[in-house]
Enquirer: 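Just passing along the structure, written as structure tokens.
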Amino acid sequence: MQILLRVKILFAFWLGLKASVLAQPTYDFVVAQDGSGDFKTVQEAIHAIPDFRKQATHIFIKNGTYKEKLTLAPSKTNVKFIGEDVTKTILTYDDYASKKNRFGEEKGTTGSTSFYIFGDDFSAENITFENSSGPVGQAVAVRVDGDRVQFKDCRFLGYQDTLYPHGEKSRQYYKDCYIEGTVDFIFGWSTAVFENCTIFCKDGSGYVTAASTLEETQHGFVFINCKITGDAPANTYYLGRPWRPYAKTIFINCFLDKHIRPEGWHNWNKPDAEKTAFYAEYNSTGPGAPGKRVSWSHKLTEKQVKELTPHKILAGTDQWVPHF
């Protein structure tokens with residue numbers, strides 16, 4: 001009986017060990033500042049990826065503050081970044097729009113970007129993306145041009161123009177992310193869905209979004225089950241203003257804190273944009289929920305909201321389904 005019991009215990013231990021080994025994730029490259037990985041910098045790992053690889057390339061980034069101005073080229077497709085810890089794996093740089101380049105020219109908004117994402121099918125988990133230049137005007141943490149790009153459990157830190165969904169035909173999905181800033185800190189042309197995200201308006205006053213959606217693009221920015229919070233005073237932030245005439249931004253089932261102004265939206269001193277922009281809400285809650293919204297904004301119906309799921313918004317002709 002004792003021998004049989006020992007055999008059972010050893011067998012159970014072997015099964016557990018085997019399951020543990022099988023459950024361990026595998027990575028193509030590991031980035032570690034201390035030299036314990038394949039590369040010490042993130043950009044070195046990006047350069048090592050074969051161009052237009054059909055299979056996914058998984059890059060594990062160990063904890064550390066990586067001060068690098070990063071570019072994921074269009075030829076670097078299907079790349080996956082996985083951070084060790086979202087608060088300790090930090091990709092950062094400190095350029096800003098009015099900063100001069102070596103020729104004495106201002107870098108501009110796009111030139112201020114810390115991380116350019118041009119490759120399609122990029123995804124990231126557990127990583128902080130930052131522009132650390134501070135409150136010095138436009139300073140982008142991440143500019144996204146690639147299609148079918150997604151982020152989960154990531155942080156985007158900055159002040160003005162933190163996150164730039166730039167690609168006109170780009171579809172992007174943000175789940176369980178944290179995004180902070182002041183003026184127009186989520187802005188651009190892309191179709192982007194933010195689900196279960198925390199949008200943090202920093203002390204001061206500003207605008208959460210500045211969409212520049214094209215007229216022919218069906219959807220711009222859509223926030224679903226998000227928390228729009230911050231440490232700004234009451235009635236100091238608008239939900240959005242139209243960078244371009246056909247800006248589209250929607251908030252569905254979102255909590256809006258006291259800093260959201262009662263009128264909700266601003267026309268950027270462009271009266272004509274009131275006729276073309278599409279700004280809407282559904283079932284907003286919290287102190288900043290609808291009360292005296294501008295007359296040119298919309299309240300969605302339950303029927304309309306049923307058509308605004310992440311899959312339906314992002315599907316496109318290829319029927320893309322985000323995997324997070």
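FYI, side chains are in, hydrogens and waters are out, and symmetry mates aren't considered; it's all heavy atoms of this structure.
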Enquirer: Return the OG1 to CD1 distance between Thr65 and Ile90, rounded to the nearest 0.5 Å.
Expert: 4.0 Å

Enquirer: Phe223 and ring-ring contact (aromatic ring centres under 6.0 Å, His included): which partner among Phe251, Tyr174, Phe255?
Expert: Phe251

Enquirer: Taking Asn225 for its side chain and Asn196 for its backbone only, find out whether a donor-acceptor pair lies under 3.5 Å.
Expert: no

Enquirer: Show the nearest heavy-atom pair for residues Asp95 and Ser133, with the distance to one decimal.
Expert: O-OG, 3.6 Å

Enquirer: Quick one: do Phe118 and Leu72 satisfy side chain to side chain contact (heavy atoms under 4.5 Å, CB included)? Show the steps, please.
Expert: CA-CA 6 Å; Phe118 297 110; Leu72 184 81; 5.9 Å; no

Enquirer: For the atom pair NZ (Lys292) and CZ (Arg261), what is the distance rounded to the nearest 0.5 Å?
Expert: 12.5 Å

Enquirer: Looking at Lys40, I'd like to know if its NZ atom is crowded, meaning that more than 12 non-hydrogen atoms belonging to other residues, nucleotides or ligands lie closer than 6.0 Å.
Expert: no

Enquirer: Which heavy atom of Val208 sits nearest a heavy atom of Ile199, and at what distance?
Expert: CG1-CG2, 3.8 Å

Enquirer: Report the relative orientation of the aromatic rings in Phe187 and Tyr164; use parallel for angles under 30°, tilted for 30 to 60°, perpendicular for over 60°.
Expert: parallel

Enquirer: Using side-chain heavy atoms (C-beta onward) and a distance below 4.5 Å, is Val30 in contact with Lys62?
Expert: yes

Enquirer: With salt bridge (charged side-chain N to carboxylate O under 4.0 Å, His left out) as the criterion, how do Asp318 and Arg148 come out once you've worked through the C-alpha distance, each side chain's angles and the decisive distance to 0.1 Å?
Expert: CA-CA 10 Å; Asp318 58 0; Arg148 298 182 298 273; 3.1 Å; yes

Enquirer: For side chain to side chain contact (heavy atoms under 4.5 Å, CB included), just list the numbers for Thr198 and Thr229, CA-CA rounded to whole Å, side-chain angles, deciding distance to a tenth of an Å, and then say yes or no.
Expert: CA-CA 7 Å; Thr198 296; Thr229 185; 3.8 Å; yes

Enquirer: For atom CD of Glu105, is the number of surrounding heavy atoms from other residues, nucleotides or ligands below 6.0 Å larger than 12?
Expert: yes

Enquirer: Is any side-chain heavy atom of Gln172 closer than 4.5 Å to one of Gln150?
Expert: no

Enquirer: With a 4.5 Å limit on heavy-atom distance, are the side chains of Tyr237 and Ile260 in contact?
Expert: yes

Enquirer: Hey, what do you get for CH2 (Trp243) to NZ (Lys270), rounding to the nearest 0.5 Å?
Expert: 9.5 Å

Enquirer: Tell me the closest heavy-atom pair linking Ile127 and Phe81, and the distance in Å.
Expert: CD1-CB, 3.4 Å

Enquirer: So how far is it from Ile179 CD1 to Arg155 CZ, rounded to the nearest 0.5 Å?
Expert: 12.5 Å

Enquirer: Give a yes or no on whether Lys312 atom NZ has more than 12 heavy-atom contacts from other residues, nucleotides or ligands under 6.0 Å away.
Expert: yes

Enquirer: For the residue pair Tyr279 and Trp265, does the interplanar ring angle fall in the parallel (under 30°), tilted (30 to 60°) or perpendicular (over 60°) class?
Expert: parallel

Enquirer: Go through the steps for Ser297 and Arg293 under the test side-chain hydrogen bond (donor to acceptor under 3.5 Å, both in side chains), then give the verdict.
Expert: CA-CA 7 Å; Ser297 65; Arg293 293 293 192 248; 5.8 Å; no

Enquirer: Fit a plane to each ring of Phe29 and Phe39, take the angle between them on a 0 to 90° scale, and name the class: parallel (under 30°), tilted (30 to 60°) or perpendicular (over 60°).
Expert: perpendicular

Enquirer: With heavy-atom distances below 4.5 Å as the criterion, would you say the side chains of Thr128 and Tyr178 are in contact?
Expert: no

Enquirer: Determine, for Tyr93 and Lys67, whether the Lys NZ or Arg CZ falls below 6.0 Å from the six-membered ring centre while staying within 45 degrees of the axis.
Expert: yes

Enquirer: Please check if any side-chain donor atom of Gln33 sits under 3.5 Å from a side-chain acceptor atom of Tyr66, or the reverse.
Expert: no

Enquirer: State, to 0.1 Å, how close Ala141 and Glu130 come at their nearest heavy-atom pair, and which atoms those are.
Expert: CB-C, 3.8 Å

Enquirer: Please check: side-chain N/O of Thr249 versus main-chain N/O of Phe221, any donor-acceptor pairing under 3.5 Å?
Expert: no

Enquirer: For a salt bridge (charged side-chain N to carboxylate O under 4.0 Å, His left out) check, start with the C-alpha distance between Lys202 and Asp231, then their side-chain angles and the critical distance, and finish with the verdict.
Expert: CA-CA 6 Å; Lys202 299 175 84 165; Asp231 57 6; over 6 Å; no

Enquirer: Look at atom CD of Glu216 and say whether more than 12 heavy atoms of other residues, nucleotides or ligands are closer to it than 6.0 Å.
Expert: yes

Enquirer: Heavy atoms, side chains only, cut-off 4.5 Å: are Tyr173 and Glu195 in contact?
Expert: yes

Enquirer: Side-chain donor-acceptor pair under 3.5 Å between Thr77 and Asp121, yes or no?
Expert: no

Enquirer: Any donor-acceptor pair under 3.5 Å linking the side chain of Thr209 with the backbone of Leu239?
Expert: yes

Enquirer: Is Leu70 reachable from Val149 through a run of I, L, V, M, F, W or Y residues, each pair having side-chain heavy atoms under 4.5 Å apart?
Expert: yes

Enquirer: Quick check: does any side chain N or O of Gln138 sit under 3.5 Å from a backbone N or O of Asp161, one acting as donor and the other as acceptor?
Expert: no

Enquirer: Of all heavy-atom pairs between Ala32 and Gly37, which one has the smallest distance, and what is that distance?
Expert: CB-N, 3.7 Å

Enquirer: Do the non-hydrogen side-chain atoms of Lys76 and Phe122 ever get within less than 4.5 Å of each other?
Expert: no

Enquirer: Rounded to the nearest 0.5 Å, what separates atom CD in Glu281 from atom NZ in Lys299?
Expert: 8.5 Å

Enquirer: Please check if the side chain of Thr113 supplies one atom and the backbone of Arg143 the other of a donor-acceptor pair under 3.5 Å.
Expert: no

Enquirer: Quick check: does any side chain N or O of Thr57 sit under 3.5 Å from a backbone N or O of Ile49, one acting as donor and the other as acceptor?
Expert: no

Enquirer: Please work out which of the three classes, parallel, tilted or perpendicular, describes the rings of Phe115 and Phe129, given edges at 30° and 60°.
Expert: parallel

Enquirer: With rounding to the nearest 0.5 Å, note down the distance linking CG in Asn126 to CD in Glu84.
Expert: 10.0 Å

Enquirer: Hey, is CD on Gln319 packed in by over 12 heavy atoms from elsewhere, all under 6.0 Å?
Expert: yes

Enquirer: Test your reading of the model: is there a side-chain donor-acceptor pair from Gln43 to the backbone of Thr71, 3.5 Å cut-off?
Expert: yes

Enquirer: How close do Glu168 and Thr217 get, counting heavy atoms only, and between which atoms?
Expert: O-OG1, 4.2 Å

Enquirer: Without hydrogens or angle criteria, can the side chains of Ser170 and Asp147 be said to hold a donor-acceptor pair below 3.5 Å?
Expert: no

Enquirer: Taking the inter-plane angle between the rings of Phe151 and Phe156 on a 0 to 90° scale, is it parallel (under 30°), tilted (30 to 60°) or perpendicular (over 60°)?
Expert: perpendicular

Enquirer: Taking Arg244 for the side chain and Leu214 for the main chain, is one N or O donor matched with an acceptor at less than 3.5 Å?
Expert: no

Enquirer: Would you sort out whether Asp28 and Arg53 count as a side chain to side chain contact (heavy atoms under 4.5 Å, CB included), showing the intermediate values?
Expert: CA-CA 13 Å; Asp28 297 291; Arg53 188 168 185 235; 4.1 Å; yes

Enquirer: Are the side chains of Asp203 and Pro233 in contact, using a 4.5 Å heavy-atom criterion?
Expert: yes

Enquirer: Do Val193 and Phe278 belong together in a cluster built from hydrophobic side chains that touch within less than 4.5 Å?
Expert: yes

Enquirer: For the backbone of Leu300 and the side chain of His298, can you confirm whether one donor and one acceptor N or O come within less than 3.5 Å of each other?
Expert: no

Enquirer: Using side-chain heavy atoms (C-beta onward) and a distance below 4.5 Å, is Thr162 in contact with Asn131?
Expert: no

Enquirer: Okay, side chain of Ser75, backbone of Asp51: is any donor-acceptor separation there less than 3.5 Å?
Expert: no

Enquirer: Is it the case that over 12 heavy atoms from other parts of the model lie below 6.0 angstrom from the NZ atom of Lys227?
Expert: no

Enquirer: Using the side chain to side chain contact (heavy atoms under 4.5 Å, CB included) rule, take Lys99 and Asp94 through it: C-alpha gap first, then chi angles, then the decisive distance, then the call.
Expert: CA-CA 10 Å; Lys99 188 177 182 180; Asp94 57 1; 3.9 Å; yes

